[in-house]
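Chain A is the first sequence line, chain B the second, and so forth, proteins listed ahead of strands; every chain is numbered from 1. Just so it is clear, the model here is predicted, and its values are computed rather than measured.
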There are 2 protein chains.
Amino acid sequence: MKISKAAIESGLTVDTIRYYEKSGMLPDIKRGSDGHRYFSQKDVELLTLLYWLRETGMPIKQMKRFTALVKTGGKTIAERREILLTHSKELKRRRDVLDRCDEILAIKIAGYENLTENKP
Amino acid sequence: MKISKAAIESGLTVDTIRYYEKSGMLPDIKRGSDGHRYFSQKDVELLTLLYWLRETGMPIKQMKRFTALVKTGGKTIAERREILLTHSKELKRRRDVLDRCDEILAIKIAGYENLTENKP
DNA sequence: CACTTGACTTGGAGTTACCCCAACCTGCTA
DNA sequence: TAGCAGGTTGGGGTAACTCCAAGTCAAGTG
């Protein structure tokens with residue numbers, strides 16, 4: 001499929017996909033005789049994973065480490081798995097941050113509640 | 001207290017506090033005769049709230065809207081409350097994203113599990 | 001008293017991860 | 001044949017910091 005469909009399927013934008021390719025973190029993407037990129041199903045699967053990793057705050061640098069391993073292939077699975085496991089822990093940390101913030105907001109909002117109507 | 005203590009207390013960095021002040025989203029911070037900033041307890045409370053808002057993804061633009069209201073004071077409480085409530089909903093959305101990503105990672109990792117030991 | 005140290009000041013350059021735009025090319029339909 | 005939709009590249013712009021150089025000032029030390 002072409003880039004705009006790949007964008008829709010993966011969640012990334014067209015621009016971001018091109019940016020990812022330019023910065024070397026995609027495998028070689030096939031080109032048609034018209035110069036257009038053609039994405040295989042596997043390509044799109046990778047893009048989708050990248051979308052989720054980025055969306056949840058993994059820095060590009062680390063994503064590059066991951067995709068480099070994907071490009072290398074075979075024997076790198078243990079290391080890839082390690083990266084994803086680490087990120088999963090990071091997700092937990094981020095959830096804790098969200099929860100903590102929500103508590104703070106709740107307190108703050110409750111504090112406002114007293115002042116919305118009755119104070120001069 | 002001075003900027004480095006304010007940074008520790010709020011969670012922000014010294015640079016970020018200065019950046020926030022320069023971009024006009026802090027109330028007037030007192031200066032000593034030496035030119036140093038001196039933060040009141042209220043200042044630090046605001047900084048702390050800003051830390052949490054930013055940490056959970058509120059864009060600076062919206063934080064400015066909020067702090068502008070804080071500066072204006074009194075009658076803006078209902079609107080401030082609205083902003084925090086909206087952000088609280090945003091937190092929920094973000095948590096869903098994290099959860100969804102965690103599911104995807106779990107599947108991916110499980111997929112790797114089969115390949116770590118036994119495949120050639 | 002001169003000197004060093006450490007915490008602060010400003011202005012400005014650099015970074016990350018995009019986003020947008022102009023100018024151009026290509027294949028298809030009317 | 002012309003027009004349009006959808007691609008291409010290169011390069012400029014943006015958000016939100018982050019880091020650095022060069023300078024100021026107060027306090028402590030020999």
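Projected onto DNA chain D by closest heavy-atom contact, B:Asp15 and B:Ile60 fall at different nucleotides, the more 5' of which corresponds to B:Ile60.
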Name the atoms and distances for all side-chain donor-acceptor pairs under 3.5 Å in residues 100-109 of chain A, with sequence neighbours left out.
{"unit_1": "A:Arg100", "atom_1": "NH1", "unit_2": "A:Glu103", "atom_2": "OE1", "d": "3.2"}
{"unit_1": "A:Asp102", "atom_1": "OD1", "unit_2": "B:Ser88", "atom_2": "OG", "d": "2.9"}

Output side-chain donor-acceptor pairs under 3.5 Å for residues 1-11 of chain A, partner residues at least two apart or in another chain, one line each.
{"unit_1": "A:Ser10", "atom_1": "OG", "unit_2": "A:Ala6", "atom_2": "O", "d": "2.8"}
{"unit_1": "A:Ser10", "atom_1": "OG", "unit_2": "A:Ala7", "atom_2": "O", "d": "3.3"}
{"unit_1": "A:Ser10", "atom_1": "OG", "unit_2": "A:Leu12", "atom_2": "N", "d": "3.2"}

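For B:Pro59, the side chain to side chain contact (heavy atoms under 4.5 Å, CB included) partners are B:Gln62, not counting sequence neighbours. The salt bridge (Lys or Arg N to Asp or Glu O under 4.0 Å) test applied to A:Asp99 returns B:Arg95, not counting sequence neighbours. Looking at residues two or more places apart in sequence or on another chain, you find a side chain to side chain contact (heavy atoms under 4.5 Å, CB included) between A:Lys30 and A:Tyr38. With sequence neighbours excluded, the residues forming a salt bridge (Lys or Arg N to Asp or Glu O under 4.0 Å) with B:Arg94 are B:Glu90, listed by chain and number. With sequence neighbours left out, B:Thr72 forms a side chain to side chain contact (heavy atoms under 4.5 Å, CB included) with B:Thr76. Here A:Arg54 pairs with nothing under the side chain to side chain donor-acceptor pair (under 3.5 Å) rule; sequence neighbours left out. Scored by the side chain to side chain donor-acceptor pair (under 3.5 Å) test, A:Thr48 finds no partners at all (sequence neighbours excluded).
Atom C1' of nucleotide D:dG7 and atom CD1 of A:Ile17 are separated by 13 Å, given to the nearest angstrom. For the pair B:Ile3 CD1 and D:dC25 C1', the computed distance is 16 Å after rounding to whole Å.
Of the residues in residues 18-54 of chain A, those lying under 4.0 Å from DNA chain D by heavy-atom distance are A:Arg18, A:Arg31, A:Gly35, A:His36, A:Arg37.
With A:Asp43 contributing its side chain and A:Ser40 its backbone, the two residues share a donor-acceptor pair below 3.5 Å.
With a heavy-atom cut-off of 4.0 Å to chain A, the contacted part of DNA chain C has its first and last nucleotide at C:dA17 to C:dT26.
With axes fitted over five pairs at each extremity, the angle between the ends of the helix from C:dC1-D:dG30 to C:dA30-D:dT1 is 20° (10° resolution).
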